[in-house]
Amino acid sequence: MGSILFDVSMGNFELSNDSPGKETIEKAWEKAYKEHSGLLYGYLAKRVGLDLAGDLMQESFLKLLQAMKKGRVIENIKAYLFQIARNELNSEMNRSHFTDGADHLVNLPDHNSNVEAELIKKELDGLLKSARQTLSPMEHEIFELRWYFGFTQVEIARVIKKSERQVRRDLEKIIRKIRVIMESNGWNIGDVGEKG
Amino acid sequence: MTTMTMMNKRKLMNAFLNYLSFPGAENFSSPASDISPEEKFIRRAVELNVRAMEKTPPVEIFQNLRLKAAQQEYPNNAFKTFFNDLRTWRFVAPAVAFVAIFLLVWFRPFDTAGAKFEQAGPARGFEVVSEKSVLNRSGLRISALLTGQLAFAQGQQRDHVFIRDGYWYIQAEHSPFNNESWFHFPGGGVKPMGGDFFIEVHSGATTLILSKGKIQTYSTDESGVVQKTVTETAPFVQTFKNQGHLASFNESDLLAERSDSMAVQKVDSFEETNEVAAYYNFVGSYVCVLLDNGKVLSGKLKMVWDETLHIQTRSGMVSTPLSNMTLVELNTSSY
């Protein structure tokens, strides 16, 4: 009997007609590491710092490998990895008595900034910073996954273990709040140029 | 060539909010070739955000991971294949279950809802069974722990036992050759499906205690109409509110269908055996103990000492003197 083993929607892995062998699993796992470790490491580092991020990321990838070995159907590797990482993060926060996800963000040096990024930061981040203060921790997390990590709504739903409908509803709430802030602050995007 | 595209502030704001709200599996609503400058800007912004979030992890992390990964074992392939196969049937199985449920609901082969006791066939009248008597009947052993009244009736497909009062201990064999039997009491009824249970009819309620095996129960409303039928497994306790429907049961209808004593064979009264030695064989086994006060204890018999049984129950170690016990049963369906 055929089975979909790995992430087809993300184009990462192929349809498998038989149970995948050891080699296939390890190759798929290494590919997952290559593709998602950077973002996951950044996600974790932003919350707990680089040292702990490394440990949590290792734990997340080991759990992913375990699931793959057990033949678990994983439809979206990226969302699955972030879901595990988020669980690890929550356990770590409970152990460390952190209070909430937004309060202990670590400021990391941004090595990827360039002129365009600076422009976006200047025009959007100032506004979003004040908008974020009006969001609940959960809304903040959803907003962050959507805007800063480029997750789709489906992926967000999987990561935070909520229904897509609920995520959509939360996003609508977030949008309403941001819109109010934007309008009341007279968002001055100015003549932002785009090179074509 | 470099061109500067002037963007509308409101359009940019809308492009940003549209991006946030777009519900599809992809991130954007339109293909890359057909987008406005504002949407282009937002796409670029998201790209930059994601890139800014990415941090290249140190090489040692992957090296460590590979070492740890090599230590992880692979589970049994046979199981894995089996479960993968099951998954491929995940759409078929619900359909099969749905059809089965539909057939069950439509034909209701096991349903007793809506039935009344009066639908049972003619029976003998109620008879008083004295304390510690035992009745044997087609795979059933009915022990009267207190004096009580019961009646037997034979329906077309099932046998019925009507209990008016008393305290009964019933042991039912699970065998396809035995007739299906239903016990009816004020407020409900029970069908044994192999196992042991107690029925105690009080003035206001009936208590059913299943110590071993499986039963099907139903409860009735005030008019004696069956409300619902459910299957329960041991250990299980339920109290049925007495609705008094047995009182409306017309005893004259319970004609003696079988006046002979073949249907119900009365055997000798059981003897109390409180000898300590008798319980040594039970040590280490799961037992069910009926106490004098009507309570039932079940658990693992750890020790017999000083004419006292020490039983490991779910809630801890309980010690009970032999003198306080009415009955001790070996419970094969341990918890």
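Below, chains carry the letters A, B, ... as their sequence lines are ordered, and counting in each starts from 1.
Of the inter-residue distances, the one linking B:E54 atom CD with A:L40 atom CG reads 11.0 Å to the nearest 0.5 angstrom. Once rounded to the nearest 0.5 Å, the distance linking CZ of B:F16 with CD1 of A:I175 reads 8.5 Å. In this structure, CD in A:Q58 is found 13.5 Å from CZ in B:R66, a value given to the nearest 0.5 Å.
Using a 4.5 Å cut-off on side-chain heavy atoms (C-beta onward), A:F61 and B:I61 make no contact. Residues B:N49 and A:W147 form a side-chain contact, since some pair of their non-hydrogen atoms from C-beta on lies under 4.5 Å apart. Taking 4.5 Å as the limit, some side-chain heavy atom of A:W29 sits within range of a side-chain heavy atom of B:L65. By the 4.5 Å heavy-atom criterion applied to side chains, A:R179 and B:N14 are counted as neighbours. A:Y33 is listed as a side-chain neighbour of B:P57, based on a closest heavy-atom distance under 4.5 Å.
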Applying side chain to side chain contact (heavy atoms under 4.5 Å, CB included), run through A:E30 and B:F62 and close with a yes or a no.
CA-CA 9 Å; A:E30 284 183 15; B:F62 190 57; 3.8 Å; yes
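For a residue to count as touching a neighbouring chain, one of its non-hydrogen atoms must lie under 4.5 Å from one of that chain's; by this rule A:L62 touches chain B with backbone and side chain alike.
The nearest pair of heavy atoms linking B:L20 to A:L171 is O-CD1, 3.4 Å. The nearest pair of heavy atoms linking B:A69 to A:L65 is CB-CD2, 3.2 Å. Counting all heavy atoms, side chain and backbone alike, B:K55 lies closest to A:Y41 at O-CD2, 3.2 Å.
Judged purely by atom type and a 3.5 angstrom limit, A:Y148 has no side-chain atom pairing as donor or acceptor with the backbone of B:A52. A:Q153 contributes a side-chain N or O that, together with a main-chain N or O of B:F22, makes up a donor-acceptor pair within less than 3.5 Å. Side-chain N or O atoms of A:E172 include none that pairs as donor or acceptor with a backbone N or O of B:S21 at under 3.5 Å.
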